[in-house]
Amino acid sequence: MTIIYDVLLKERNYKPITGYYGEPKYTCIFYDEDRNKALKEMQKYVDSHGFTTPDKKFTIENVVLRERESTGKVISITPYCELFNTVTGKLK
């Protein structure tokens, strides 16, 4: 069984007055079978873009690492702050 690691941007739709609505939207920015490569790309993205979309027009809720089987079955989704120290940017 092959495990694939996806680096995803977690976004939500917002209405100006009532707040967010709907399910979170995930945008894949990187995937690989090597966890370390995925973590490096995750860190590189946060270092260069922070918690915004690549075009810097919108903020995102989080950057997450999704672990899944090659069949698509999700094993886990881990947010950036659980993987990295948010002050130093290094792996915990």
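Because the structure is a prediction, the values reported are computed rather than measured. Atom set for the values below is all heavy atoms of this structure, side chains included, hydrogens, waters and symmetry mates excluded. In what follows, residues are counted from 1 in the order of the sequence shown.
- A single hydrophobic cluster is not seen to contain both Val64 and Val7; linkage of ILVMFWY side chains at heavy-atom distances under 4.5 Å, directly or through other members, places them apart.
- Listed by first and then second residue, the salt bridge (charged side-chain N to carboxylate O under 4.0 Å, His left out) pairs that reach into residues 63-72 are Asp6-Arg66, Asp6-Arg68, sequence neighbours excluded.
- Grouping the Ile, Leu, Val, Met, Phe, Trp and Tyr side chains by contacts below 4.5 angstrom, directly or via other members, places Tyr5 apart from Tyr26.
- Applying the 6.0 Å contact sphere to NZ of Lys56 captures more than 12 heavy atoms from other residues, nucleotides or ligands.
- Taking hydrophobic clusters as Ile, Leu, Val, Met, Phe, Trp and Tyr residues chained together by side-chain heavy-atom distances below 4.5 Å, Ile60 shares a cluster with Leu83.
- Residues Ala38 and Leu65 come closest through the heavy atom pair CB-CD1, 3.9 Å.
- The two residues Phe51 and Val46 make their nearest non-hydrogen contact at CE1-CG1, 4.2 Å.
- A side chain to side chain contact (heavy atoms under 4.5 Å, CB included) with Val63 holds for exactly one of Lys10, Gln43, Met42; it is Met42.
- The two residues His49 and Thr52 have their closest heavy-atom pair at O-OG1, 2.7 Å.
- The ring-ring contact (aromatic ring centres under 6.0 Å, His included) pairs that include a residue from residues 54-78 number zero, where partners must be two or more places apart or lie in different chains.
- Note on Tyr80 and Leu9: same hydrophobic cluster, where clusters join Ile, Leu, Val, Met, Phe, Trp and Tyr whose side-chain heavy atoms are under 4.5 Å apart, directly or indirectly.
- A single hydrophobic cluster is seen to contain both Leu8 and Val74, as judged by linkage of ILVMFWY side chains at heavy-atom distances under 4.5 Å, directly or through other members.
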Output side-chain donor-acceptor pairs under 3.5 Å for residues 29-37, partner residues at least two apart or in another chain, one line each.
from, atom 1, to, atom 2, distance (Å)
Asp32, OD1, Asp34, N, 2.8
Asp34, OD1, Asn36, N, 3.0

